[in-house]
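The block underneath contains the structure these notes are about, expressed in structure tokens.
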Amino acid sequence: TVLVLDFGSQYTHLITRRLRELNIYSEMLPCTQKIADLSFKPKGVILSGGPYSVYAPDAPHVDPAVFDLGVPILGVCYGLQEIAWNNGKDVSAGERREYGHSVVRVTKHTGLAAHVDRLFEGLSHEEMVAWMSHGDKLSKLPEGFLVIAETDNAPFAGIAHKEKELYGIQFHPEVTHTPKGTHLIKNFAVNICGCKQEWTMDRFVETEIERIRALVGPTSEVIGAVSGGVDSTVAAKLMHEAIGDRFHAILVDNGVMRLNECQIVKETLTKGLGVNLDVVDASEEFLTKLKGVEDPEKKRKIIGNTFIEVFQREAAKITSRSGAHVEFLLQGTLYPDVIESISFKGPSQTIKTHHNVGGLLENMHLKLIEPLRELFKDEVRELGTNLGIPEDLVWRHPFPGPGIAIRILGEVTPEQIDIARKADNIFIEEIKAAGLYRKISQAFAALLPVRAVGVMGDQRVYDQIVALRAVETTDYMTADWFDFDGKFLRRVATRIVNEVPGVCRVVYDVTQKPPGTIEFQ
Ligand code: XMP
């Protein structure tokens with residue numbers, strides 16, 4: 001195990017991700033972790049980056065006992081400064097802050113202790129492009145250390161102790177902007193720490209299940225909402241594996257899910273996966289509240305608040321029915337959601353209020369349990385496959401909490417829901433039939449609130465317009481429209497106008513994000 005001590009950098013989880021990609025197990029703990037309280041002996045320690053200055057009075061510091069563990073230590077960015085701080089305190093604010101690409105030149109020390117050159121082994125014959133993001137830098141080489149790498153702006157871009165296996169680097173090897181970064185992490189974990197590359201997703205399942213059991217204890221119970229999306233399903237299945245029926249899943253039918261979705265999700269979770277599930281049909285309650293509402297943000301707020309009310313009511317029923325001691329709320333939060341919420345850049349502007357259930361914790365006095373918070377989407381999919389979740393569900397496109405309410409532009413009525421659902425279902429069916437579902441990141445049909453003239457069977461009609469949207473993206477922050485061939489679009493359009501009453505025209509959205517968001521509202 002490599003122990004990663006987190007000083008709050010946005011990139012810390014990427015260190016553990018790179019280690020997982022190398023099939024090396026790692027544990028990430030807060031930088032303030034007491035070494036005496038560790039339940040395992042790590043083979044090496046990585047001190048992450050962080051937003052602080054080591055010399056600031058309120059700066060976080062590691063338990064100095066980490067330096068007595070007798071295992072190799074690598075400090076990254078703030079971690080490098082932390083090592084220097086513990087070895088003479090010569091760190092200062094850089095005259096020039098450095099963000100972005102830098103060229104690192106590796107310095108060899110042939111003839112000295114063999115470990116010194118190990119970190120850059122196999123990298124030293126080339127200049128290495130690396131990603132810098134720091135304000136402070138070392139002003140002086142700490143006592144007993146050597147320079148192993150430099151850049152034009154940072155003469156101590158890499159340092160190593162002459163005798164001990166202590167290393168520091170100013171750049172971030174964990175980000176993709178440092179192309180050879182994984183090689184360097186491997187040098188540290190495998191060659192220097194002696195870790196074996198044996199870790200797999202199955203091992204993750206085992207350790208996570210043990211961790212959940214220890215956290216929840218022998219009698220407490222857990223509740224959580226499921227939506228049919230991959231994250232909540234994987235989290236629910238993992239929970240079920242860990243504590244069986246002491247985990248209660250709740251599926252709230254808000255009336256704006258996709259065609260037959262509620263039924264499909266129910267069957268998959270209960271019959272297929274054995275999860276203890278309650279389905280609440282609250283569609284009337286949601287639709288009554290949505291009556292007459294056209295504003296997208298109002299729709300989101302109504303759906304979010306109603307969801308919280310329904311969920312709380314249902315949770316109370318579970319408690320009184322079984323006398324259960326419900327202590328935890330499960331959330332399928334992934335790492336990218338975590339980064340957004342702990343960003344040090346300050347609150348970013350709200351473009352759209354994303355549906356979240358944060359309010360539940362305060363109202364219900366529950367503790368949060370987030371077994372997926374260190375994983376990325378592709379890892380969750382791998383985990384889902386390992387847990388036996390059907391392919392269809394594992395590869396499901398994301399679906400917004402407010403559902404097709406934000407894909408019906410204008411008022412959300414049962415008639416509009418019916419049209420939008422049918423059109424969407426045809427589009428997705430055709431995408432799957434053409435083998436394109438996995439190539440596309442997200443696809444759906446939206447219903448425009450205007451009418452257009454058409455001619456159907458010699459009759460003049462005046463009906464609605466369906467807009468199709470399909471995008472490719474990796475982070476959902478930027479996206480490009482998917483380039484279907486004309487025949488495919490013709491087939492979908494023909495089916496929609498023939499099979500969905502109330503629609504006489506189909507258009508395809510060719511707007512990138514930005515400026516167009518993925519959803520229409
Ligand atoms: P936009 O439309 O902002 O969407 O480009 C980016 C991603 O977020 C999803 N999305 C939402 N998800 N509640 C959610 O849970 C929401 O209110 C919401 N709005 C957008 C959208 O489907 C896309 O994947």
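For ligands, and for the atoms within them, numbers begin at 1 and follow the listed sequence. Residue indices begin at 1 and follow the sequence shown.
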Test salt bridge (charged side-chain N to carboxylate O under 4.0 Å, His left out) applied to R300 and E519, step by step
CA-CA 13 Å; R300 277 198 174 75; E519 302 291 344; over 6 Å; no
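There is no side-chain donor-acceptor pair under 3.5 Å between E297 and Q521. Side chain to side chain, D6 and T12 meet the donor-acceptor criterion of an N or O pair below 3.5 Å.
Between E241 and K237 there is a salt bridge, with a side-chain nitrogen of the basic residue lying less than 4.0 Å from a carboxylate oxygen of the acidic one.
Between Y476 and ligand 1, no pair of N/O atoms sits closer than 3.5 Å. Note: an N/O pair closer than 3.5 Å links I518 and ligand 1 by distance alone.
Of the listed residues (R469, R407, K513, Q442), the one carrying the non-hydrogen atom nearest atom 23 (C) of ligand 1 is Q442. If you check each of G401, P402, G304 against atom 15 (O) of ligand 1, the one with the closest non-hydrogen atom is G401.
Those atoms of ligand 1 with a heavy atom of T517 less than 4.0 angstrom away are 1 (P), 2 (O), 5 (O).
Counting heavy-atom neighbours within 6.0 Å of K186 NZ, excluding the residue itself, gives a total of 12 or less.
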